[in-house]
Q: 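What follows is a structure written as structure tokens; I'll ask about it next.
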Amino acid sequence: MNLEIRAKRPFKFHSVISSHGWSALAPFVWNAETGALQRTEMLTSGRVVLLTLRESKNGIAVTVRGRVNQRERQELMEKIAWMFSLDLDLNEFYAAVANEPRLAHVQREAHGRFLRSSTVWEDVVKVMMTTNIQWSGTKRLVRVLVETFGAPYQNGGDGIPDAFPSPEPIARTRESRLRKLGLGYRSPYLLQLARGVVSGKYDLDALKDFTRPTDEVRKALLALPGIGPYAAATLLMLLGRYEFLGVDTEALSSVSRGFYGGKPIGEKEVQAAFARWGKFKALAYWFWDWDKS
DNA sequence: TTCCAGGGGTAGA
DNA sequence: TCTACCCATGGA
């Protein structure tokens, strides 16, 4: 089955793909040569389908492999619209940074949409897997979680990853098993998170509610096991809220070089350097052109 | 071998 | 609110 989903302009498929590292994490498979993003997706019915997404004239062209009914088709359209922030209006951001040379490229490149997973649960887990680890390790841990707990695409096929696991199979496992998979001290955090989601203690979908103030959403994120200031800021950014900056070791070094002449700085200095961008702080930092002076 | 990563939790001030 | 310290694992 083929679908086309329209995007609010300006929209560039590749800008979303390259927005951050998510397209390299299972069950996403990005093929730069063909320009196709593949993803194995489990629907709420439990059915697992294979999606292939490409840029189209007005948005995204979707190929679905696997039978879906009308309701599942609607679910897929909504999930894809969420993953690519197709309804996001970035014009206020572009206007706010129009006079900043180091952000001159953002409108031209249609920057500002971050590739998201189809559920907040998956994004929370993935952000947790980026903490205190190198990117190669993040990719490995996510792949191991998908291989161990994910639901397979029934129609088979070589090299097609399983769908990202729902919280249930992880909630049923033991901490020792997660440790054996290499998650280290993240193991109890992931286990508590999965069990809390299954029990209803944590309502992750409620974090998408844009009528809630950002501070409230941030507090809810910080209350999750294994989610601290950095992870909460990163997740807020993925949720379309840009007031907070996720300060990691990379931010410390690039802001030190770009704003403080290379002298050692702390988180405060990073926040101060981008304070002027207000509610677009995270966007300004993320797309800052460090090569321009 | 040592250091540390796209940090978080906790205790103590 | 801020700091010091510990935490598991694998890459460099």
Side-chain angles (χ1 to χ4, degrees), chain A residues 16-26 28 30 111 114-117 120-148 170 173-197 201-202 204 207 215 217-239 241-242 244-259 264-275 281-288 290:
Chain A
V16 186
I17 297 297
S18 60
S19 55
H20 63 147
W22 257 214
S23 62
L25 296 181
F28 282 120
W30 166 242
H111 282 317
F114 295 95
L115 182 63
R116 299 191 269 222
S117 307
V120 178
W121 148 256
E122 182 177 333
D123 277 339
V124 172
V125 172
K126 285 179 170 173
V127 170
M128 190 187 289
M129 296 304 134
T130 69
T131 59
N132 201 21
I133 192 172
Q134 297 180 99
W135 181 242
S136 60
T138 298
K139 289 195 281 190
R140 176 173 45 80
L141 294 183
V142 171
R143 188 173 62 242
V144 163
L145 287 174
V146 167
E147 286 170 355
T148 308
I170 295 177
T173 196
R174 294 167 183 272
E175 185 182 320
S176 59
R177 177 132 193 255
L178 295 178
R179 285 187 185 273
K180 277 179 192 163
L181 295 175
L183 270 72
Y185 64 85
R186 302 170 193 81
S187 303
Y189 303 151
L190 178 62
L191 194 57
Q192 287 167 39
L193 177 73
R195 289 181 176 169
V197 170
K201 179 179 180 184
Y202 303 128
L204 300 184
L207 301 174
D215 276 326
V217 175
R218 181 168 179 269
K219 277 181 188 166
L221 286 167
L222 290 171
L224 300 174
I227 302 300
Y230 159 78
T234 303
L235 284 162
L236 282 175
M237 192 172 81
L238 290 180
L239 290 166
R241 300 166 185 266
Y242 314 111
F244 291 89
L245 217 54
V247 177
D248 51 25
T249 53
E250 174 60 30
L252 290 174
S253 75
S254 52
V255 173
S256 166
R257 277 182 277 115
F259 289 83
I265 57 169
E267 172 163 1
K268 266 195 217 166
E269 286 78 8
V270 177
Q271 301 288 354
F274 283 88
K281 211 187 211 182
L283 284 176
Y285 166 73
W286 197 263
F287 295 107
W288 196 257
W290 297 99

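Proteins come first, then strands; the chains are lettered A, B, ... in the order of their sequence lines, and each starts at number 1.
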Q: In whole angstrom, give the distance that lies between atom CG of A:Asn132 and atom C1' of C:dT9.
A: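 It is 10 Å, rounded to the nearest whole Å.
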Q: With the stacking rule set at 5.5 Å and 30°, tell me whether A:Trp135 counts as stacking on B:dG6.
A: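 Stacked: centres under 5.5 Å apart, planes under 30°.
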Q: Which whole number of Å gives the distance between the P atom of C:dC6 and that of B:dC3?
A: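 Result for the P pair: 15 Å, nearest Å.
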Q: Find the distance A:Phe114:CZ to B:dG6:C1' and express it as a whole number of Å.
A: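 Atom CZ in A:Phe114 sits about 14 Å away from atom C1' in B:dG6.
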Q: Describe the nucleic acid contact of A:Leu181 in one word from base, sugar-phosphate, nothing, applying a heavy-atom distance below 4.0 Å.
A: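 It contacts nothing in the nucleic acid.
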Q: What I want to check is whether an N or O donor and acceptor connect the side chain of A:Tyr189 with the base of B:dG7 at under 3.5 Å.
A: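 For A:Tyr189, whose side chain was compared with the base of B:dG7, there is no donor-acceptor pair (under 3.5 Å).
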Q: Measure CD/A:Glu267 against C1'/B:dG6 and give the value in whole Å, please.
A: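 The distance from CD of A:Glu267 to C1' of B:dG6 comes to 14 Å, rounded to the nearest Å.
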Q: Under a 3.5 Å distance rule, please check whether A:Gln271 uses its side chain to pair with a backbone N or O of A:Lys268 as donor and acceptor.
A: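 Looks like no, no N/O pair under 3.5 Å.
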Q: Return the nearest nucleotide to the side chain of A:Lys268; candidates are B:dG6, C:dA8, C:dC2.
A: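 Nearest to the side chain of A:Lys268 among the choices is C:dC2.
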Q: So which nucleotide from B:dA5, C:dC2, C:dA8 ends up closest to the side chain of A:Arg179?
A: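 The nucleotide sitting nearest to the side chain is C:dA8.
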Q: Touch check for A:Gly182, heavy atoms < 4.0 angstrom, all strands: base, sugar-phosphate only, or nothing?
A: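 Result for A:Gly182 = sugar-phosphate.
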Q: Could you work out the separation of B:dC4 and B:dG8 based on their C1' atoms and round it to a whole Å?
A: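 Between the two C1' atoms, the distance is 16 Å.
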Q: To the nearest 0.5 angstrom, please state how far the CD atom of A:Glu147 sits from the CG atom of A:Leu181.
A: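 A:Glu147 CD to A:Leu181 CG: 10.0 Å, rounded to 0.5 Å.
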Q: Output a table of donor-acceptor pairs, distance under 3.5 Å, between side-chain atoms of residues 219-236 of chain A and any protein atom two or more places apart or on a different chain; print 'none' if there are none.
A:
| unit_1 | atom_1 | unit_2 | atom_2 | d |
| --- | --- | --- | --- | --- |
| A:Thr234 | OG1 | A:Tyr230 | O | 3.0 |

Q: Taking any heavy-atom pair under 4.0 Å as a contact, classify A:Ile227: base, sugar-phosphate, or nothing.
A: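 Touches sugar-phosphate only.
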Q: Once you round it to whole Å, what is the distance between C1' of B:dG6 and CE of A:Met128?
A: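 One finds 15 Å between C1' of B:dG6 and CE of A:Met128, rounded.
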Q: Please round to the nearest 0.5 Å and tell me the distance separating atom CZ of A:Arg257 and atom OG of A:Ser253.
A: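 Rounded to the nearest 0.5 Å, the CZ-OG separation comes to 4.5 Å.
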Q: Nearest to the side chain of A:Tyr185, heavy atoms from C-beta on, is which of C:dA8, B:dG6, B:dG8?
A: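 Closest nucleotide among those given: C:dA8.
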Q: Distance check, C1' atoms only: B:dG9 and C:dG10, in whole angstrom units.
A: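 The answer is 22 Å between these two C1' atoms.
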Q: Calculate the interatomic distance between A:Leu245 atom CG and B:dG7 atom P; express it in whole Å.
A: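 So the two atoms are 13 Å apart, to the nearest Å.
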Q: Take A:Leu222 and A:Thr234, find for each the nucleotide of DNA chain B with the closest heavy atom, and name the residue whose nucleotide sits nearer the 5' end.
A: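 The residue mapped nearer the 5' terminus is A:Thr234.
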Q: Is the distance from the ring center of A:Phe114 to that of A:Phe287 below 6.0 Å?
A: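 Under 6.0 Å, so yes.
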Q: Taking CG from A:Leu193 and C1' from B:dG7, how many angstroms apart are they, rounded to a whole number?
A: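 So the CG-C1' distance, A:Leu193 to B:dG7, works out to 16 Å.
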Q: Please pick, from C:dC2, B:dG8, B:dA5, the nucleotide with the shortest atom-to-atom distance to any side-chain atom of A:Ala231.
A: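 For A:Ala231, the side-chain atoms sit closest to B:dG8.
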Q: Taking the nucleotide of DNA chain B with the nearest heavy atom to each, does A:Leu224 or A:Trp286 sit closer to the 5' end?
A: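 In this pair, the answer is A:Trp286.
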Q: Suppose we screen for ring-ring contact (aromatic ring centres under 6.0 Å, His included). Which residues come up paired with A:Tyr189, at least two apart in sequence or across chains?
A: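 With sequence neighbours excluded, A:Tyr189 shows a ring-ring contact (aromatic ring centres under 6.0 Å, His included) to no residue whatsoever.
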Q: In whole angstrom, what separates A:Leu252's CG from B:dC4's C1'?
A: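 Spelled out: CG on A:Leu252 to C1' on B:dC4 is 14 Å.
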Q: Measure from the side-chain heavy atoms of A:Arg140 and tell me the nearest of C:dC2, B:dG7, C:dG11.
A: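 Between C:dC2, B:dG7, C:dG11, the one nearest the side chain of A:Arg140 would be C:dG11.
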Q: Rounded off to whole Å, could you give me the CE-to-P distance for the A:Met237 and B:dG6 pair?
A: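 Answer to the nearest Å: 15 Å.
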